[in-house]
2 protein chains.
Amino acid sequence: MGRPKTYQRDAMVAEAMQLFWLHGFEATTTQMLVERLGINRFSLYAEFGSKQGLYEASLDRYDQDVVAHHFGPLERPGAGLCEIEGLLAFFASKGRAPGSHYGCLLCNVAVERAPHDLASHARVERYVSRISCALQSALQTALERGELAANVEVATLAAGLTATFLGLFVLLRAQTDPAILHDAAAAAIAQLRSLGATAAAEAQPPYP
Amino acid sequence: MGRPKTYQRDAMVAEAMQLFWLHGFEATTTQMLVERLGINRFSLYAEFGSKQGLYEASLDRYDQDVVAHHFGPLERPGAGLCEIEGLLAFFASKGRAPGSHYGCLLCNVAVERAPHDLASHARVERYVSRISCALQSALQTALERGELAANVEVATLAAGLTATFLGLFVLLRAQTDPAILHDAAAAAIAQLRSLGATAAAEAQPPYP
DNA sequence: CTAGTTTCTAACTGCTCGTTCCGTTATTGT
DNA sequence: ACAATAACGGAACGAGCAGTTAGAAACTAG
């Protein structure tokens with residue numbers, strides 16, 4: 001039934017994702033997409049309808065592949081403090097490393113397009129909810145295991161770590177001084193460990 | 001000597017800053033600049049040389065005005081924990097407030113342009129250094145006053161708060177759920193207060 | 001083989017971009 | 001008054017943009 005396609009949709013989305021990740025939506029041109037993906041414009045529009053369509057497919061792919069790869073371990077039932085600390089240490093070690101200037105695609109999208117594009121906004125909202133829930137789940141497990149003091153507010157702490165991760169992604173993207181990146185993660189790890197020490201159980205009045 | 005200018009350079013930069021702040025560099029067109037600034041293209045290029053020149057002037061103005069307005073209080077000698085907590089609470093209260101989707105211009109630039117533009121990169125590096133030093137200065141004062149336990153590593157904690165602030169700016173920009181924004185700031189404030197309690201003085205082995 | 005269907009190639013469409021140029025207008029020193 | 005000077009308004013530039021189209025090419029069902 002007709003001439004067969006010379007491309008595979010999945011491979012196209014994977015390549016497009018790299019371009020949007022590195023350059024953002026506006027700075028990624030159809031010319032760049034056509035050259036990188038090795039296909040023609042016609043097929044691109046036949047398959048995705050528009051640059052925006054390919055962009056949205058790229059965001060969904062990023063969530064399924066990259067976010068799942070890094071935050072998936074936190075979503076698994078057995079995950080606790082160890083996995084959170086490991087992830088913080090992992091990102092902290094990447095300061096100015098090759099490829100680190102990609103940052104996090106969905107964090108980049110949150111800044112570049114979420115305020116102006118509904119599709120981007122929805123995916124960023126889902127993303128923030130996902131990593132914050134993943135963190136909360138791991139913290140809850142840690143609390144039940146006694147790795148955290150019983151009076152720790154896991155939802156609040158998860159939100160704090162979510163902001164910390166986003167901050168790390170900005171620092172990675174901007175290729176700033178790796179020392180700050182390292183120290184930022186070290187501070188978060190130190191906070192987690194201090195909340196495990198029984199000493200921390202002396203409750204502070206929570207901020208409203 | 002010749003016809004006088006009908007514009008004031010300072011007012012032009014202030015207006016341009018708003019546009020770059022809201023839309024970023026790529027999405028801000030010369031047409032938008034000409035209309036918003038109320039001047040003609042010729043004057044724009046005579047005064048700034050290029051869109052990039054006006055952009056760089058806008059970044060410098062942002063650092064001098066907006067960053068100074070919010071982080072200046074932390075840089076003053078008397079500043080301590082109170083000022084840091086106040087700033088966290090201030091940004092946390094702005095979730096989905098009118099204008100909050102502007103986020104922070106230099107955080108936006110860190111994501112959109114710092115990896116690809118040298119001028120942006122330099123200003124972001126200076127910005128991160130500025131807010132991290134401002135925080136460290138206030139933390140040091142707090143430590144000397146006894147608001148923080150003596151064994152607190154102020155440099156590490158300052159880096160952690162820097163990442164937290166950048167994370168808050170991303171969340172503001174993306175107009176996500178205000179509850180996460182609020183909780184993220186609450187977690188940082190709780191951390192600061194717990195480090196003041198003598199209980200926290202039981203040293204944790206620092207993360208390397 | 002052939003008719004029908006689908007993809008591919010590559011030129012092309014308006015359109016908008018950042019930037020430049022030119023004739024006009026307003027001001028100043030003499 | 002009158003050049004000289006400098007900014008004004010607007011048109012125009014080439015380049016590059018997202019998206020389209022027409023015809024050639026490749027496959028399959030019958």
Side-chain angles (χ1 to χ4, degrees), chain A residues 1-60 108-109 112-113 116-120, chain B residues 1-61 105 108-109 112-113 116-120:
Chain A
M1 303 168 176
R3 183 171 175 171
K5 299 177 181 181
T6 58
Y7 60 86
Q8 293 169 11
R9 184 184 163 101
D10 281 359
M12 281 178 64
V13 175
E15 292 295 320
M17 184 185 80
Q18 295 285 330
L19 284 176
F20 287 125
W21 193 354
L22 180 57
H23 298 103
F25 178 81
E26 296 264 7
T28 301
T29 68
T30 54
Q31 188 62 32
M32 292 161 67
L33 289 164
V34 164
E35 286 170 9
R36 172 76 169 259
L37 277 59
I39 57 151
N40 52 71
R41 285 182 148 69
F42 177 88
S43 301
L44 194 158
Y45 281 88
E47 190 73 35
F48 299 100
S50 64
K51 177 182 168 185
Q52 173 82 19
L54 177 51
Y55 166 77
E56 293 177 15
S58 300
L59 293 191
D60 291 337
N108 301 349
V109 164
E112 187 204 354
R113 292 256 297 165
H116 310 291
D117 174 51
L118 205 63
S120 298
Chain B
M1 301 170 179
R3 182 172 175 172
K5 300 179 182 181
T6 57
Y7 60 86
Q8 293 169 13
R9 184 185 164 100
D10 282 359
M12 281 177 65
V13 176
E15 292 294 322
M17 184 185 79
Q18 295 285 331
L19 284 176
F20 287 125
W21 193 354
L22 180 56
H23 297 103
F25 178 81
E26 295 263 8
T28 301
T29 68
T30 53
Q31 187 61 33
M32 292 161 66
L33 289 164
V34 164
E35 285 171 10
R36 171 76 169 259
L37 276 61
I39 57 153
N40 54 67
R41 287 179 147 71
F42 177 89
S43 302
L44 193 160
Y45 281 87
E47 190 74 35
F48 299 100
S50 64
K51 177 184 169 186
Q52 174 81 18
L54 178 51
Y55 166 77
E56 293 177 15
S58 300
L59 293 191
D60 291 336
R61 167 64 72 86
L105 172 56
N108 300 349
V109 164
E112 188 204 353
R113 293 257 295 164
H116 310 291
D117 174 52
L118 204 64
S120 299

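To find a chain, count down the sequence lines: A is the first, B the second, and so on, and within it residues start at 1.
Residues satisfying the side-chain contact (heavy atoms from CB on, under 4.5 Å) criterion with A:T6, sequence neighbours excluded, are absent altogether. Scanning for salt bridge (Lys or Arg N to Asp or Glu O under 4.0 Å) contacts around B:E15 gives B:R36, with sequence neighbours left out. Applying the side-chain contact (heavy atoms from CB on, under 4.5 Å) criterion to B:T29, with sequence neighbours excluded, gives B:Q31, B:M32. Every residue two or more places apart in sequence or in another chain was checked for a side-chain hydrogen bond (donor to acceptor under 3.5 Å, both in side chains) with B:E26, and none qualifies. Not counting sequence neighbours, the partners of B:N40 by the side-chain hydrogen bond (donor to acceptor under 3.5 Å, both in side chains) test are B:S43. Applying the side-chain hydrogen bond (donor to acceptor under 3.5 Å, both in side chains) criterion to B:Q18, with sequence neighbours excluded, gives no partner residue. Every side-chain hydrogen bond (donor to acceptor under 3.5 Å, both in side chains) that B:S120 has, sequence neighbours left out, goes to B:Y55, B:D117. With sequence neighbours excluded, no residue forms a salt bridge (Lys or Arg N to Asp or Glu O under 4.0 Å) with B:R41.
Side chains of A:L33 and A:F20 form a contact here, defined as non-hydrogen atoms less than 4.5 Å apart.
Rotation axes derived from the C1' atoms of the five outermost pairs at either end of the helix from C:dC1-D:dG30 to C:dT30-D:dA1 lie 0° apart, to the nearest 10°.
Side-chain atoms of B:R61 come within 3.5 Å of backbone atoms of B:D10 as a donor-acceptor pair (strictly under, hydrogens ignored).
Near DNA chain D, meaning a heavy atom under 4.0 Å from it, residues 24-56 of chain A has A:T28, A:T29, A:T30, A:R41, A:F42, A:Y45, A:S50, A:K51 in order of number. Contacts between residues 8-17 of chain B and DNA chain C, counted as heavy-atom distances below 4.0 Å, involve no residue at all.
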